[in-house]
Amino acid sequence: MRIHVVDHPLVAHKLTTLRDERTDSPTFRRLADELVTLLAYEATREVRTERVDLRTPVTETTGVRLSHPRPLVVPIIRAGLGMLDGMVRLLPTAEVGFLGMIRDERTLKSSTYANRMPEDLSGRQVYVLDPMLATGGTLAVAIRELMHRGADDVTALCLLAAPEGVAHLEEELAGAPVTVVTAALDERLNEEGFIVPGLGDAGDRMYGTA
């Protein structure tokens with residue numbers, strides 16, 4: 001497994017405002033959307049392409065376009081939905097699937113309650129959207145499901161990651177073709193399983209506590 005921490009001043013600037021407890025939900029959603037687009041730029045460096053012939057107003061030439069099968073973007077509901085627009089802005093031709101997952105706050109274990117994805121993901125590059133790589137349980141379950149369906153190249157985009165979550169993924173997905181792209185690798189998890197210093201509960205900060 002590879003982890004790529006995006007080192008860019010605009011990423012750091014937007015992340016700082018997301019961390020601030022005074023940032024309201026509308027501002028948080030907007031900045032998260034902008035930050036995801038920056039992360040997506042890095043995450044798609046190895047997106048598969050094919051050569052094409054074309055004619056410009058001046059001459060014949062060649063270029064590239066995204067190859068088939070098209071990439072699949074999978075936000076993990078609910079907080080991952082706040083990352084979807086930022087991702088498909090960069091990959092407008094990608095297909096979109098959905099995974100609904102919930103974490104038991106007592107055991108910190110994740111389970112799936114909704115699944116809307118193609119049954120066969122053979123040969124597909126998949127981009128999973130999950131704001132917080134904390135314990136790593138949710139993301140590990142999600143990625144295992146994608147690989148069970150045949151995905152052979154999975155990239156997870158996370159606003160933040162904790163060392164414990166990274167270690168859990170490396171253990172659970174040893175040898176799997178997985179890349180994690182994140183804006184920061186934070187210090188640790190606290191006793192409640194939240195990232196420190198983190199930014200709180202991403203879903204609550206995007207959408208409120210309802």
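Note that the numbering runs from 1 along the sequence shown for the chain. These numbers come from the heavy atoms of this one structure, side chains and all, not from hydrogens, waters or symmetry mates.
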### Message
Strictly distance-based, threshold 3.5 Å: is any side-chain N or O of Ser25 a donor or acceptor partner for the main-chain N or O of Arg205?
### Response
yes
### Query
If you round to the nearest 0.5 Å, how far is CZ of Arg30 from NZ of Lys14?
7.0 Å
### Task
Assess the side chains of Thr62 and Arg51: does a donor N or O sit below 3.5 Å from an acceptor N or O?
yes
#### Entry: Heavy-atom pair of closest approach, residues Gly198 and Arg19
O-NH1, 3.1 Å
### Joint hydrophobic cluster, Leu129 plus Leu81, side-chain heavy atoms closer than 4.5 Å
yes
## Note on the structure
Between the OH atom in Tyr127 and the CG atom in Asp153, the distance rounded to the nearest 0.5 Å is 6.5 Å
### Ion pair check, Arg188 and Glu164, cut-off under 4.0 Å
no
### Message
So for atom NE2, which belongs to His13, do other residues, nucleotides or ligands contribute more than 12 heavy atoms lying within a distance under 6.0 Å?
### Response
no
### Message
How close do Glu50 and Leu66 get, counting heavy atoms only, and between which atoms?
### Response
OE2-O, 4.3 Å
### Message
Is any side-chain heavy atom of Met83 closer than 4.5 Å to one of Pro131?
### Response
yes
### Message
Closer than 4.0 angstrom, basic N to acidic O: yes or no for Asp24 and Arg29?
### Response
no
### Query
So do Leu72 and Leu121 actually touch side chain to side chain, heavy atoms under 4.5 Å?
yes
### Query
More than 12 foreign heavy atoms under 6.0 Å from CZ of Arg70: is that the case here?
yes
### Query
side chain to side chain contact (heavy atoms under 4.5 Å, CB included) between Thr182 and Leu39: does it pass, once the steps are laid out?
CA-CA 7 Å; Thr182 184; Leu39 296 180; 5.9 Å; no
### Task
Look up atom CD in Glu119 and atom NE2 in His148, then write down how far apart they are to the nearest 0.5 Å.
8.0 Å
### Heavy-atom side-chain proximity of Phe98 to Leu84 below 4.5 angstrom
yes
### Message
Working note: Ile143 + Leu173, criterion side chain to side chain contact (heavy atoms under 4.5 Å, CB included); need CA distance, chi angles, decisive distance, verdict.
### Response
CA-CA 8 Å; Ile143 292 174; Leu173 305 171; 3.8 Å; yes
### Message
Rounded at 0.5 Å granularity, tell me how far CG in Leu189 sits from CD1 in Ile195.
### Response
6.5 Å
### Task
Just do the side chain to side chain contact (heavy atoms under 4.5 Å, CB included) check on Asp204 and Arg78 with the steps written out, would you?
CA-CA 10 Å; Asp204 288 351; Arg78 75 176 164 151; 2.5 Å; yes
### Task
Flag yes if more than 12 heavy atoms outside Glu21 fall under 6.0 Å of its CD atom; otherwise flag no.
no
### Query
Do Asp20 and Thr23 meet the criterion of a side-chain donor-acceptor pair at a distance under 3.5 Å?
no
### Query
Should Val52 and Leu91 be counted in the same cluster of Ile, Leu, Val, Met, Phe, Trp and Tyr side chains packed under 4.5 Å apart?
no
### Summary
Nearest heavy-atom contact between Thr37 and Gly86 is OG1-O, 2.9 Å
### Query
Between the side chain of Arg149 and the main-chain N/O of Met117, is any donor-acceptor distance below 3.5 Å?
yes
### Summary
So CE of Met206 and CG of Leu18: to nearest 0.5 Å the spacing works out to 8.0 Å
### Query
Are Leu38 and Val6 close enough, and set up right, to give a side chain to side chain contact (heavy atoms under 4.5 Å, CB included), and what steps lead you there?
CA-CA 9 Å; Leu38 295 174; Val6 178; over 6 Å; no
### Query
Honestly curious: do Val88 and Leu90 fall in one hydrophobic cluster under the side-chain, below-4.5 Å linking rule?
no
### Query
Taking the side chain as C-beta and beyond, is there a heavy-atom pair between Leu159 and Val36 under 4.5 Å?
yes
### Message
The criterion is side-chain hydrogen bond (donor to acceptor under 3.5 Å, both in side chains); which residues satisfy it with Asp85, sequence neighbours excluded?
### Response
none
### Query
Is the closest side-chain heavy-atom distance between Ile76 and Leu139 below 4.5 Å?
yes
#### Entry: Non-hydrogen atoms of Val96 and Pro75 that approach each other most closely
CG1-CD, 4.1 Å
### Query
What heavy-atom pair brings Ile77 and Gly100 nearest, and what distance separates the two atoms?
CB-CA, 4.0 Å
### Path from Tyr41 to Met87 over hydrophobic side-chain contacts below 4.5 Å
no
### Query
Between Gln125 and Arg48, is there a donor-acceptor pair closer than 3.5 Å when you use the side chain of the first and the backbone of the second?
yes
### Query
Can any side-chain N or O of Glu95 pair as donor or acceptor with the backbone N or O of Pro69 at less than 3.5 Å?
no
### Query
Ignoring hydrogens and geometry, is there a side-chain-to-backbone donor-acceptor pair from Tyr207 to Gly82 under 3.5 Å?
yes
### Heavy-atom closest pair, residues Met132 and Gly200
CE-O, 3.9 Å
### Query
For the side chain of Asp186 and the backbone of Ala162, is there at least one donor-acceptor N/O pair under 3.5 Å apart?
no
### Straight-line distance of Leu133 CG to Leu185 CG, nearest 0.5 Å
8.5 Å
